[in-house]
Amino acid sequence: MPTSFSYAQLAERFRQLDEFLLQHQALWRPRPFTHLHLPWEAELPELASWLRGRSLEDAEAAHNQPAQLQAPAPFPQLAAQATALSCMDELPTSSPLAPDARQSVDVPGRKWQQIQAFGAALRFSETPQHWLDWCAGKGHLGRQLASRGGGLTCLEWDKALVTAGTQLSQKLGVVATHCQQDVMTDSVSSQLDPTMTPVALHACGDLHVRLIDLSIAQHCRQLALAPCCYNRIQSDRYLPLSSLARQSALELTRDDLGLPLSETVTAGARERRQRDQSMAWRLGFDLLQRELRGSDRYLPTPSLPNSWLKKSFAHYCRDLAALKELPEPPQQDWEALEKRGWQRLAEVRNLELLRGLFRRPLEIWLLLDRALLLAENGYTIRLGTFCPAELTPRNLMLIAEFEHPSAST
Ligand SMILES: C[S@@+](CC[C@H](N)C(=O)[O-])C[C@H]1O[C@@H](n2cnc3c(N)ncnc32)[C@H](O)[C@@H]1O
């Protein structure tokens, strides 16, 4: 599959994904974590009881590749459709410049590999004159790109990162301007002009949308981004960007926008154990709070410091009930309740595998909305993966170049 997309190809893929997501929203919208029973289970009892019968280890093994699970119908059919609709090729890569090993100092290993991969997949028809690293952190990406030539400005609002970035650039002899800048404010517009090539690696929801809007408004000729955290937005609901998405009946809440991010990369055994315990205890507490409140509804609880997991489960429940201003829990078989929490965790994780089929389709729907907006504004679009998912599940990249009027005649 090519990585260059015409407007018609983008629109066609968007329409197919839109239809798929709309048709099956009853399967991916409700979150197993917050429901004792999911509405779709009554219609698909065989699939539901098959998933509920599996262990936590089974769920863990299938988490990153849910489409490969041999589950009862309609799971395989949905998996095949989801896989076909979310197929994205690897972007062609140029052999990376021999990296300056000194640049990798102070960059976590995985991040350095992502930066290298982003750089290798980045190719523009016009040689960039000036790189603009958007939400740059310490500017590792920008420095790596500027080593090919071109000036560099890094925008970042965290003063400590700006200072550390400035020092690193000086130490490495890279001429760069690190600006402390909130990219959501009006003053950022003056940082973009047609000679700039903005790049954004993993800028969250509103931040990369802001970059796209401003690049269009300021006539930047080319830009590239790898989006992440689609749910980090100010509004409660997703505000579609392109005219096609604005016409879609698909309405997305901030919760829905979290679905593409629900894939976790392999965590260490200790981290995993802690995450599992935290979720099992929450699910156990959820059963208790339903009784205490006499209401069969999920009650959101705040994230808690890890030290809470060192308490006994009974202590944890009593403290969490107090924090949520619930009546004091009566004495009970805490061991049995904790066990039910762990049992629910296994069921939740396995039921999540069905939602997992829609993770990538929704992510690509969102990516295409960004691509379509740029295409509507005269940009040609390349889309694809820039690194394997094991390096980061947010491995999709959009490269946009303003089409020279003579090129289309
Ligand atoms: C996920 S990090 C990505 C950093 C870098 N691009 C990378 O890949 O290592 C997002 C960065 O955006 C910065 N940021 C968040 N909100 C911002 C804002 N309103 N203006 C500028 N930077 C912002 C954060 O401080 C953080 O450094």
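Note that the numbering runs from 1 along the sequence shown for the chain. What you see is a predicted model, and the numbers here were worked out from it, not measured in a lab. Counting starts at 1 for both ligands and their atoms, following the listed order.
A cation-pi arrangement is present between Lys311 and Trp308 under the rule of less than 6.0 angstrom and at most 45 degrees off the ring axis.
The shortest contact between atom 4 (C) of ligand 1 and any protein heavy atom is with Cys135 O, 3.3 Å. Remark: minimum distance from atom 20 (N) of ligand 1 to any protein heavy atom is reached at Val183 N, 3.0 Å. When hydrogens are left out, the protein atom nearest atom 23 (C) of ligand 1 is Trp157 CD1, 3.5 Å; that is the closest non-hydrogen contact.
Inclusion of Leu155 in the set of residues having an N or O under 3.5 Å from an N or O of ligand 1 is not warranted. Remark: ligand 1 and Cys204 share no N or O pair separated by less than 3.5 Å (distance only, no angle test). Annotation: Asp158 places no N or O atom under 3.5 Å from an N or O atom of ligand 1; distance criterion only. Ligand 1 has no N or O atom lying under 3.5 Å from any N or O atom of Asp133, backbone or side chain. For ligand 1, the polar-atom distance check finds no N/O of His202 at less than 3.5 Å from any of the ligand's N/O atoms. For ligand 1, the polar-atom distance check finds an N/O of Leu201 within less than 3.5 Å of one of the ligand's N/O atoms.
Each of the atoms 27 (O) of ligand 1 lies under 4.0 Å from some heavy atom of Gly137. Per-residue contacts place Asp182 under 4.0 angstrom from the following atoms of ligand 1 (heavy atoms of the residue considered): 18 (C), 19 (N), 20 (N).
Ligand 1 lies out of reach of Leu141, whose nearest heavy atom is not under 4.0 Å from it. Residue contacts with ligand 1: Gln181 is included, with a non-hydrogen atom under 4.0 Å away. Within the 4.0 Å heavy-atom shell around ligand 1 one finds Leu161.
Looking only at side-chain heavy atoms (C-beta outward), Trp334 and Leu288 come within less than 4.5 Å of each other. The side-chain heavy atoms of Gln277 and Gln274, taken from C-beta on, include no pair separated by under 4.5 Å.
Of all heavy-atom pairs between Arg282 and Thr301, the closest is NH1-OG1, 2.6 Å.
A side-chain N or O of Ser169 and one of Arg143 form a donor-acceptor pair less than 3.5 Å apart. Side-chain contact check for Asp18 and Trp365: at least one donor-acceptor pair (N or O, by modelled atom type) lies under 3.5 Å. A donor-acceptor contact closer than 3.5 angstrom links the side chains of Asp256 and Thr253.
Side chain of Arg254 to backbone of Tyr238: no donor-acceptor contact under 3.5 angstrom is found.
Ring orientation note: the planes of Tyr230 and His208 are nearly perpendicular, at an angle over 60° on the 30°/60° scale. Using bins of under 30°, 30° to 60° and over 60° for the plane-to-plane angle, the ring pair Phe20/His24 lands in the perpendicular bin.
In this comparison of His208, His140, Lys111, Glu156, the heavy atom closest to atom 26 (C) of ligand 1 sits on Glu156.
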